[in-house]
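Data first, discussion second: the structure below is written as structure tokens.
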2 protein chains.
Amino acid sequence: MTDAQRSGCPINLSLEVLGDKWSLLIIRDMMFGNRRHFRELLTKSEEGISSNILADRLKTLLEQGIITREDDPTHKQKGIYSLTEQGIELLPVLAQMAAWGYKYLPVTEELGIRARLLSEGGPKMWAEFMDELRESHLGAKRRRRGGPSVGERLQAAYESVVNGN
Amino acid sequence: MTDAQRSGCPINLSLEVLGDKWSLLIIRDMMFGNRRHFRELLTKSEEGISSNILADRLKTLLEQGIITREDDPTHKQKGIYSLTEQGIELLPVLAQMAAWGYKYLPVTEELGIRARLLSEGGPKMWAEFMDELRESHLGAKRRRRGGPSVGERLQAAYESVVNGN
DNA sequence: ACAACCAGTTGCAAATCGCAATCAGTTAGG
DNA sequence: CCTAACTGATTGCGATTTGCAACTGGTTGT
């Protein structure tokens, strides 16, 4: 990992960290799929990342302070990966990217439903979801709201499509 | 350009098109730097893209419908690259990415000022800027507003920082 | 004891990247 | 005209990154 530093432009610096085909997918799976272990990220993703790439990206994301790793008390070899606040704040980036992809690219119905809901929900829903992530990844206390969480609503919508309404 | 199609997820599909270190920088320069010719994109960027990569990315962006190319009437070899509506709608993605980079990465003051203004301006300012881009890239008529345009304001702020207030 | 599971690592071929040199056509100046 | 500078690229080549498969060393459940 050599720090290139091509320029001090915020977009360029972001791309130097996240500008590849896998890093944001890992973040996506941690956010929306609740994948927290190496094996979950490796096998339960749509795209099929290979283990060496996954190991390399997790290392980079750790170094960049986007995720953290702690030992799983139930298994000496397992690690639990969590998003940091910095990582959680990538949600708006992913949400905008998902909205753009949903609008212009050949998205399948099952995998597009989350993007549609998140786009329709707008920044207010994003903020609510980020609060939920702060609870599950940072252990932060969250002001409870009535009804199902954003995460639950997204998951329910996905399953609804898969099971044919 | 093989169409991989790893999955129909909107985030994945977006990354298959834009997930590299240069594509979004080219879009950035077309949006904020008003670069419209090959040579401008090649030489007037902070990061120094090489000509073969630039040619390849422009080709891909053309194929994807994110930009268009037309002949420059003043020079038989020159082409004018323009953003399509699809390309213009990448602005929110870039804006969120810039805001994140501005907050968490070692951004220089000169190159960060645009990100700060755009972040503070929020979606309303983005929409206004996108309307300006529709005018300059698509030839669309725009409802004129009083005062300087968003593009002018961003440029003025940048120069103000460079010249030491 | 043994099979399944865990987080990675290694080896290697293929693809991509980055740099410099080069190309052929176009334009401006003398 | 003639030439020099400029146009959008293309080519060659070494270095890096990727993708795949096999493998490692350790842990857990039966």
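All chains are named by letter (A, B, ...) in the order of the sequence lines, taking the proteins before the strands, and each is independently numbered beginning at 1. Hydrogens, waters and symmetry mates play no part in the numbers below; they use all other heavy atoms, side chains included.
Summary of the strand contacts: A:S50 and A:Q77 both lie near DNA chain D, and taking for each the nucleotide with the nearest heavy atom, the more 5' one is attributed to A:S50. Comparing A:K78 and A:N52 along DNA chain C, the residue whose closest nucleotide (by nearest heavy atom) sits nearer the 5' end is A:K78. Looking at which nucleotide of DNA chain D each of B:E40 and A:G48 is closest to, the 5′-most match is held by B:E40.
One atom, CD1 of A:I26, and another, C1' of C:dG8, lie 14 Å apart when rounded to the nearest Å. For A:K21 and D:dT16, the NZ to P distance is 21 Å, given to the nearest whole Å. Separating the NE2 atom of B:H75 from the C1' atom of D:dG8 is a distance of 9 Å, rounded to the nearest angstrom. Rounded to a whole Å, the CG atom of B:D56 is 7 Å from the P atom of C:dC17. Look at CG on A:L58: it is 10 Å from P on C:dA7, rounded to the nearest Å. The distance between atom CG of B:D72 and atom C1' of D:dC6, rounded to the nearest whole Å, is 13 Å. In this structure, CZ of A:R35 is placed 14 Å from P of C:dA7, rounded to the nearest angstrom. Atom CZ of A:R36 is separated from atom P of C:dA7 by 13 Å (rounded to the nearest Å).
Residue A:A55 places its side chain closer to C:dT9 than to any other of C:dT9, D:dT18, D:dT27. Proximity note for B:I53 (side chain, C-beta onward) versus C:dT27, C:dG8, C:dG18: the nearest is C:dG18. Side-chain atoms of A:R57 lie closest to D:dT18 of the nucleotides D:dG19, D:dA9, D:dT18. Taking only side-chain atoms of A:F38, from C-beta outward, the nucleotide of D:dT28, D:dT7, C:dA7 with the closest atom is C:dA7. For B:S51, the side-chain atoms get nearest to D:dT10 when compared with the rest of C:dG8, C:dT10, D:dT10.
Between the CD1 atom of A:I67 and the NE2 atom of A:H137 there is a distance of 10.5 Å, given to the nearest 0.5 Å. Of the inter-residue distances, the one linking A:R57 atom CZ with A:W22 atom CH2 reads 9.5 Å to the nearest 0.5 angstrom. Note that the CZ atom of A:R114 and the SG atom of B:C9 stand 8.5 Å from one another [nearest 0.5 Å]. To the nearest 0.5 Å, atoms CE (A:M125) and CE (A:M130) are separated by 14.5 Å.
Listed pair B:W22 / C:dC17 fails the phosphate criterion, with no side-chain N or O lying under 4.0 Å from OP1 or OP2. Listed pair A:R39 / D:dT28 fails the phosphate criterion, with no side-chain N or O lying under 4.0 Å from OP1 or OP2.
The one candidate from A:L42, A:L25, A:D29 that meets the side-chain contact (heavy atoms from CB on, under 4.5 Å) condition with A:I49 is A:L42.
Each end of the helix from C:dA1-D:dT30 to C:dG30-D:dC1 gets its own axis from five base pairs, and the two axes differ in direction by 20°, given to 10 degrees.
Inter-residue side-chain proximity for B:L61 and B:I27 is flagged as met; some heavy-atom pair is nearer than 4.5 Å.
No path of Ile, Leu, Val, Met, Phe, Trp and Tyr side chains, each step under 4.5 Å between heavy atoms, connects A:I80 with A:I66, placing them in separate hydrophobic clusters.
Residues passing the ring-ring contact (aromatic ring centres under 6.0 Å, His included) test with A:F129, sequence neighbours excluded: A:F32.
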